[in-house]
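Starting off with a structure, shown below.
In each ligand, atom 1 is the first atom listed, and ligand 1 is the first ligand listed. Positions are given from 1 along the sequence. This is a predicted model, so every value here is computed, not measured.
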Amino acid sequence: MTPNYRQARYDEELLIEKAEKREVEDNPLPESIARNEAPKIPDLPTHKIVRYFNRLSHMNYGIDTGFYPLGSCTMKYNPKYTEKLASLPEATTPHPYQPEECSQGILEIMWELQQLLADLGGMDSVSLQPAAGAHGEITGLMIAHQYHKDRGEERNEVIMPDTAHGTNPASVSMLGYDLVEIPSKNGCVDLEALEEAAGEDTAAFMITNPNTLGLFETDACQMAEIVHDAGGLLYYDGANLNAIMGKTTPGAMNFDIMHFNLHKTFSTPHGGGGPGSGPVGVTEKVSSYLPVPVVKEEDGKYKFDYDLENSIGRVKGFYGNWLVLLKAYVYILHEGKNGLESATERAVLNSNYLRKKLEKHLDLPYGELRKHEFVLSGKKMKDKDLKTKDLAKRLLDYGYHAPTIYFPQLVDEALMIEPTETESKETLDGFAEAISSIMEEEKELIEEAPKNTAVGRVDETKAIRDSVLSYMMRE
Ligand SMILES: *Cc1c(COP(=O)(O)O)cnc(C)c1O
């Protein structure tokens, strides 16, 4: 029998009509806010809409599209299995107010994650609450403040090197501490300068190791000695953990407090304003100061512990960004300690392989070997009366995301590159070739880049001074 296509079409319309009617009957709107005219929704076939949104998605550039060498951000390839697990209803539907007896599975995962992170950081205990690295810094400094206060000490200074990431001085000033910046020597902390700066006013010394130049601070233990002798605490900014995981720990370097950027090192995509997570780890000395609640285990049952003796209190609503915590947990278990260690090895190998290739075209200040990232100077661009920014823009035409530029400020015309452990030799070779070709190109070509992207070069000053924020749908 030939099916009656007309009938099928008719039925579809009837269904829509019925649905609309039901909606009206179920949700009668007050007259005053009901529509008089049909909304102006363009009447488009599905394939046109699919093409439209597909085209938009191709204009975007992300880690799933190509190489993303942003330094100090660890844009690593985030495995899809963690995303998949974090989108299961068992993970997304629990309510923060549901009783502990009904959340034993989640609490167990949080408790185990606390232990795993403590082990990876060489710390004694961990709070999963802080929502990002910067939030961890603030939490850590609050702990240091309370610790000194309880000992009857007023210490109002925080020391950090001039290579510090911008969030470090920002956290310090948000808490009303005085910032003491010490100059680096050959890219690393100058012990004499630290010795001079440390004293009875020192609340803490903050550093990331390897530092933002990608150099490992081999004097970390001497730094700890200097700061501890002065009565201060040591804070480890864990953003660069991808370079030391499984090899050493901040605890082994005698740091007292640290944060982990789960969205950098442990599998949650970073950037774009998505939720982050910056658990804080501490050694025994300051364990009782952690924010509450922390998860504890008692006779095989898991519960929130609100009774830490000297706790600084809560730093976030509820218990931390649960789904980011879950992804980190799954990633750590999936990789195992050996897997994490080999991720570190590959990250460092990739970084040094690319550094060696790029050194031929751009300048590398401060010695040779780097950890997971390295910083080049684009000052050669000045020969053509161009800047690092022009090189970064031209890279977009070659299909690469630009590296971090103009940070750290210590390096003239800086380009900060972090290839991460997941990129292949072919990708790194391709990127190096792109830089090599750009360095041979005519000034005009570079100056006007990018030409192959959805949006060309924008006037950044005008964009800031004269921003037009609007929502627009093309007809
Ligand atoms: C990213 C980063 C931070 C801040 O971490 P957020 O999670 O972005 O707040 C601090 N220090 C260094 C070195 C970083 O790279």
Side-chain angles (χ1 to χ4, degrees), residues 63 68-76 78 117 121 127-142 158-175 179 181 184 187-189 204-217 220 234-245 250 253 255 257-281 315-316 320-321 324-325 327-328 347 351 370-375 403-411 414-420:
I63 198 74
Y68 218 115
L70 274 183
S72 209
C73 283
T74 314
M75 289 296 306
K76 57 185 189 181
N78 298 110
L117 291 177
S127 163
L128 302 173
Q129 265 186 42
H135 195 194
E137 292 166 20
I138 289 199
T139 305
L141 289 175
M142 284 166 74
V158 177
I159 308 172
M160 67 184 64
D162 53 6
T163 48
H165 185 266
T167 51
N168 295 180
S171 300
V172 165
S173 72
M174 267 184 80
L175 289 181
L179 174 68
E181 191 183 274
S184 302
C188 285
V189 169
F205 172 60
M206 274 182 113
I207 187 177
T208 179
N209 195 14
N211 65 30
T212 55
L213 292 167
L215 291 167
F216 189 76
E217 302 264 3
L234 279 101
Y235 185 91
Y236 181 92
D237 172 343
N240 291 334
L241 210 67
N242 218 32
I244 62 162
M245 233 180 352
M253 300 176 217
F255 282 77
I257 312 171
M258 68 169 294
H259 74 250
F260 301 81
N261 300 61
L262 297 190
H263 49 282
K264 291 184 180 175
T265 321
F266 299 100
S267 157
T268 283
H270 180 48
S277 178
V280 163
V315 294
K316 188 180 181 303
N321 281 330
V324 185
L325 301 176
K327 282 186 263 183
S351 157
R370 291 299 196 277
K371 289 293 170 198
H372 66 311
E373 64 189 1
F374 56 96
V375 180
T404 300
I405 57 172
Y406 299 117
F407 175 74
Q409 284 156 352
L410 204 60
V411 173
L415 280 114
M416 186 183 203
I417 299 172
E418 178 175 2
T420 77

Protein heavy-atom partner closest to atom 11 (N) of ligand 1 - residue, atom, separation in Å: D237 OD2, 2.4 Å

Contact atoms of ligand 1, heavy-atom distance to H263 under 4.0 Å: 6 (P), 7 (O)

Ligand 1 atoms in contact with A239 (distance to a heavy atom under 4.0 Å): 2 (C), 11 (N), 12 (C), 13 (C), 14 (C), 15 (O)

Residue S72 vicinity, atoms of ligand 1 by number, heavy atom under 4.0 Å: 1 (C), 13 (C), 14 (C), 15 (O)

Within the 6.0 Å centroid threshold, strictly below: F407 and H165: yes

Atoms of ligand 1 close to N261 [distance to a heavy atom under 4.0 angstrom, numbered from 1]: 5 (O), 6 (P), 7 (O)

Protein residue, atom and distance nearest to atom 9 (O) of ligand 1, heavy-atom basis: A134 N, 2.8 Å

Protein residue, atom and distance nearest to atom 14 (C) of ligand 1, heavy-atom basis: K264 NZ, 2.9 Å

Rounded distance [0.5 Å steps], OG1 in T265 versus CE in M245: 6.0 Å

Side chains of E217 and P210 in contact at under 4.5 Å (non-hydrogen atoms): no

Side-chain heavy atoms of D237 within contact of N168, under 4.5 Å: yes

Heavy atom of the protein closest to atom 6 (P) of ligand 1 (residue, atom name, distance): G133 N, 3.5 Å

Nearest-contact summary for atom 8 (O) of ligand 1 - protein heavy atom, Å: H270 CE1, 4.0 Å

Ligand-residue contact atoms, ligand 1 with E137, heavy atoms, under 4.0 Å: 10 (C)

Ligand-residue contact atoms, ligand 1 with T167, heavy atoms, under 4.0 Å: 3 (C), 4 (C), 10 (C), 11 (N)

Audit row: N209, N240, side chain to side chain donor-acceptor pair (under 3.5 Å) steps and yes/no: CA-CA 7 Å; N209 195 14; N240 291 334; over 6 Å; no

Heavy-atom side-chain contact between P419 and S351 under 4.5 Å: yes

T139 side chain reached by H259 side chain, heavy atoms, under 4.5 Å: no

Plane angle bin for F255 and Y236 - parallel if under 30°, tilted between 30 and 60°, otherwise perpendicular: perpendicular

